[in-house]
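Inspection log for the structure reproduced underneath, given as structure tokens.
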Amino acid sequence: MNLVLLLSTFSLFIGVLSEEGLNPAVVNVGAIFSFNTINGKVAKVAMKAAEDDINSDPSVLGGRKLSIQVHDSNFSSFLGILGALQFMETDTVAIIGPQSSEMAHVLSNLANELQVPLLSFTALDPSLSPLQYPFFVQTAPNDEFQMTAIAEMVSYFSWSEVIAIFSDDDQSRNGIITLGDKLADRRCRISYKAALPPDPSAKRGDVLRELNKIQMMESRIIVLHSFSRTGLLVFEVAKSLGMMGKGYVWIASTSLSTVLDSFSPLKPEIANSIQGALTLRPHTPDSKRKRDFMSRWNQLSNGSIGFNPYGLYAYDTVWMIARAVRLLLDQGGKISFSNDTRLDGISGSTLNLSALNAFDGGKQLLSKILETNMTGLTGHVQFNQDRSLINPSYDIINAVGNGQRLVGYWSNHTGLSIVPPETLYSEKPNRSSSNQHLDKVVWPGGETARPRGWVFPNNGRELKIGIPRRVSYRDFVLLVNGTDKVQGYCIDVFLAAIKLLPYAFPYRFIPFGDGHKNPSYYELVNKIKSGVFDGVVGDIAIVTNRTRIVDFTLPYIESGLVVVAPVKKISSSAWSFARPFTPLMWAVTAAFFLIVGSVVWILEHRRNDEFRGSPKQQFVTILWFSFSTMFFSHRENTVSSLGRLVLIIWLFVVLIINSSYTASLTSFLTVQQLSSPIKGIDTLIGSNERIGFQVGSFTEGYLMEELNIPKSRLVPLGSPEEYALALERRNVAAVIDERPYVDLFLSEHCEFSVRGQEFTKSGWGFAFPRDSPLAIDMSTAILSLSENGELQKIHDRWLSKSACSSENSEDDIEQLDLKSFWGLFVICGIACMLALLVYFWLMFRKFSRLPPEELDTTSPSTSRSTRLQTFLSFVDEKVEKPKSSSKRKRESMSRIGYHINDESPHRSGSMERNMSQNGDSWLTQ
């Protein structure tokens, strides 16, 4: 009996010990930081405050206590690894830290093996991928978002190049790589990367050496990404070199904002060295809990360190772990550890590797951490599917005086704004440029105007400007023999433009070409891409394949390809009067004169004496009436309504034809005419004729690639003289060249002319490297020259040659053809047809109402032809015009004896029939 009782007591004791092992009274959490840094000090105070707040509320961990064990890595990855191993021996459920990304890369592998979640709010390297390091969790926005914010600031201020200064460690290096990608998305770039030794080993000499290099460079936009110690050293040296003055722009990552927040007010030497710099600070929404926590910060820290936002992230990270542990335990999870069997076989080593325990519930705890959905001191805390925090945002701070000034915000939702990001989360994302705003910034040197962001390098090097060594058309670019002097239209425009730039422009012209033929302009432009030239000035056409490798200014002269061909003068002749109309137009017009005359004769014949008479007289009347309408001189009156309708429409048509003929004939007789079988580029494309082009221009490639003209048909020509000779000898049917060249050519060769219109539209500009700010500034200068009239004066000085007398090609004044008037003829034709239909319908109706005795068709033997003849006779019959009542009365009274009753019955019957027909007669009157 006693034995049974003893066994039961022992079993109960073992069960209690096992339950305590699975559900310990104390939850161990480790923390690895360099506690002599700003963020290390702030994190230590905030984590201690979170630990105390959690332990003061038994409901948080269900009566358990949270114990945070800290380890000082003192900037050493080796000491950080040792600290992590120590935590793994003491059944630690999670580790907060490490502080640096290079240490995070190492410890994440250890965390993966032992399945202990690793949470950091300072190791924010974008390359710490959750796919590679599943147990590593970043509890603050990683540097990808910070670099995006900096790139959008650079784009907002319209800068195109930056210089990056960074500590050569994993976090800073990978952050700058990300910045380069973000800038490239916005057509910006990092022109130079200055790597400094990792913090805190950078020395003043290291910084001085790099800043001396940067001082000699073009860009004045400097992005600094390092820890606070190195960052302050960079600003101190930059101040001593005069690099914190007017024209410079400094954008620092969050390390500078931690200094501004944690050491306020700043020491005078620090404040003076960072004046005008911009920096970012993780944005945390305002709340009562946040204000309460900040109000007791001095008490928590004992005045040892000022507050910065990373203290809020440290506090929330501790609460994140506590909530996840509580959820794990409430859902039946256990906190238990087991030895890694892979370490059992390692013997003969002084390392106690067998003491390392794997966390059995590590995956479940990690899952609960990633499911976090709480409101902390930093605002709403929740993870996206890619394990980044939702709604990353930053304050944009301007260092001014002894403190700081808020100039705006950046958020991943709407970009740059001057209102807190949390007020915009309810709206749809709007990243358009018009929606990006920041307050005014006080830049280094006290300037409030946006710095240009670049200067000419202060290294004594002149810009190498390539110019074409032309052998023809030297009015554009001319090298004076025996001297270094360069002149010409293009050169004068360039010189006038650089005078308007707000800075000095050191340069020297370098000719390109052998001097025997015009150089290839594509090769000339390509020298910019290869770095031989810093720019190209000359008659450089802005075409697609060139814009892919360089940036052009605005065009300073319009250009386009045109066709030049031989022409012959057309002198006036005896038949010049017939030239305004095409033969078809003449034929149709004459036909309609006859048609309209015939129609009017038909409509007027029965009632109008002027349209009656012998057949010869009637034929002459038709001809006379038809053609006299051309001059509106017809004498015959029309009495029928249908006839008047047709005549009005026809007279309108005649008016239009007369006016058009007169205008065209005037042009033909007063302007000298030129004729050529080539009407334009379409004529050349459809033929097999040979075509000339200027050597070195883009014309050859355009004709072959865009118009599919075989190379065998193209003849290279080097000068205006060769143009004229080839055209005169018919070696080529035409020459295709750009308009400015052609204008100069035609000023001396009047036997040729432009055929057709320009079939391309482009212009000439100056070329500079891609994304060069010079292209923008020179474009502004060219626009100013155009507005003040100087550009036209330069054009007139060089290109206004004495031209040939005013001449027009045959194509400029085209003959009037039928297609220009067919609508009028159709209307007139339809009017004639309808009038005839109505007229014959009325005639047939009257004819059918006549009594049989008058028709004389009662005999059965009457044939159809006889009936048709009768109808035609009826139509041809003269019908008296109805008289007015007063006229009829006067005629009746004049009859002898007023014997009205003597009227024969036949006469009475005829009058009755006429009266019955008056209802239909109005249309024929």
Side-chain angles (χ1 to χ4, degrees), residues 121-122 124 126 138-160 162 164 171 175-176 178-188 190 221-225 231 249-258 260-261 276-286 308-310 312-313 378-382 384 386 388-400 404-443 450 453:
F121 48 87
T122 55
L124 303 175
Q138 293 173 327
T139 57
N142 74 31
D143 282 349
E144 177 182 0
F145 301 107
Q146 182 177 197
M147 296 302 122
T148 302
I150 293 175
E152 292 199 5
M153 291 167 61
V154 171
S155 177
Y156 172 79
F157 289 111
S158 301
W159 298 315
S160 59
V162 304
Q171 180 160 335
I176 293 301
T178 302
L179 174 62
D181 295 338
K182 300 301 181 182
L183 287 172
D185 292 341
R186 293 156 179 82
R187 288 202 66 184
C188 305
I190 299 176
I221 313 300
I222 303 173
V223 175
L224 176 61
H225 187 39
V249 174
W250 288 81
I251 303 175
S253 57
T254 53
S255 61
L256 180 58
S257 69
T258 62
L260 293 172
D261 289 332
L278 291 175
T279 183
L280 299 176
R281 176 175 61 201
H283 175 73
T284 54
D286 186 37
N308 73 51
Y310 287 102
L312 303 178
Y313 284 104
T378 59
H380 185 60
V381 181
Q382 189 177 353
N384 291 314
D386 61 357
S388 64
L389 287 174
I390 64 170
N391 300 327
S393 56
Y394 294 89
D395 299 336
I396 301 175
I397 306 298
N398 187 197
V400 179
Q404 54 184 277
R405 174 172 167 265
L406 182 67
V407 296
Y409 306 89
W410 178 90
S411 73
N412 199 38
H413 184 72
T414 55
L416 302 173
S417 66
I418 55 176
V419 297
E422 58 270 17
T423 63
L424 303 174
Y425 291 148
S426 59
E427 302 177 5
K428 291 183 178 180
N430 185 353
R431 304 300 291 271
S432 64
S433 58
S434 61
N435 199 51
Q436 306 300 294
H437 303 286
L438 288 177
D439 282 336
K440 286 189 176 182
V441 177
V442 178
W443 304 102
R450 180 190 71 87

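This chain uses plain numbering: 1 for the first residue, then up along the sequence.
Listed for the H413 side chain is a donor-acceptor partner under 3.5 Å among the backbone atoms of E427. Side-chain atoms of Q171 come within 3.5 Å of backbone N or O of T122 as a donor-acceptor pair. In terms of modelled atom types and a separation under 3.5 Å, the side chain of Q436 and the main chain of Y156 share no donor-acceptor contact. Without hydrogens or angle criteria, D395 side chain to I397 main chain gives no donor-acceptor distance under 3.5 Å. N398 places a side-chain N or O within donor-acceptor distance of the main-chain N or O of V442, the cut-off being under 3.5 Å.
For the pair I190 and I176, the tightest heavy-atom approach, listed with the atom from each and the gap, is CD1-O, 3.8 Å. Of all non-hydrogen atoms in Y409 and V419, the two that sit nearest each other are CD1-O, 3.2 Å. Between W159 and C188 the shortest heavy-atom distance is O-SG, 3.2 Å. Counting all heavy atoms, side chain and backbone alike, N430 lies closest to N435 at O-ND2, 3.1 Å.
In this structure, CD on Q146 lies 6.0 Å from NE2 on H225, to the nearest 0.5 angstrom. Atom CH2 of W250 sits about 6.5 Å away from atom CG of L224, to the nearest 0.5 Å. One finds the CG atom of L416 at 8.0 Å from the CZ atom of R431 (value rounded to the nearest 0.5 Å). In this structure, R281 CZ and L256 CG are separated by 11.0 Å, a value rounded to the nearest 0.5 Å.
Between R405 and D439 there is a side-chain heavy-atom pair separated by less than 4.5 Å. Taking 4.5 Å as the limit, some side-chain heavy atom of Y313 sits within range of a side-chain heavy atom of P141. Contact of the F157 side chain with the V249 side chain is not registered, since no non-hydrogen atoms from C-beta on lie closer than 4.5 Å. Here the side chains of V154 and R186 are not in contact, with every heavy-atom distance at 4.5 Å or above. Residues D261 and P309 meet the side-chain proximity criterion, which asks for heavy atoms closer than 4.5 Å.
Side chain to side chain, E422 and H283 meet the donor-acceptor criterion of an N or O pair below 3.5 Å.
Ring geometry for F145 versus W410: interplanar angle of 30 to 60°, hence tilted.
Considering T279, L280, T148, N412 in turn, L280 is the only one that fulfils the side chain to side chain contact (heavy atoms under 4.5 Å, CB included) rule with Y394.
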For this session: List the steps, then state whether salt bridge (Lys or Arg N to Asp or Glu O under 4.0 Å) holds for K182 with E144.
Result: CA-CA 9 Å; K182 300 301 181 182; E144 177 182 0; 3.4 Å; yes
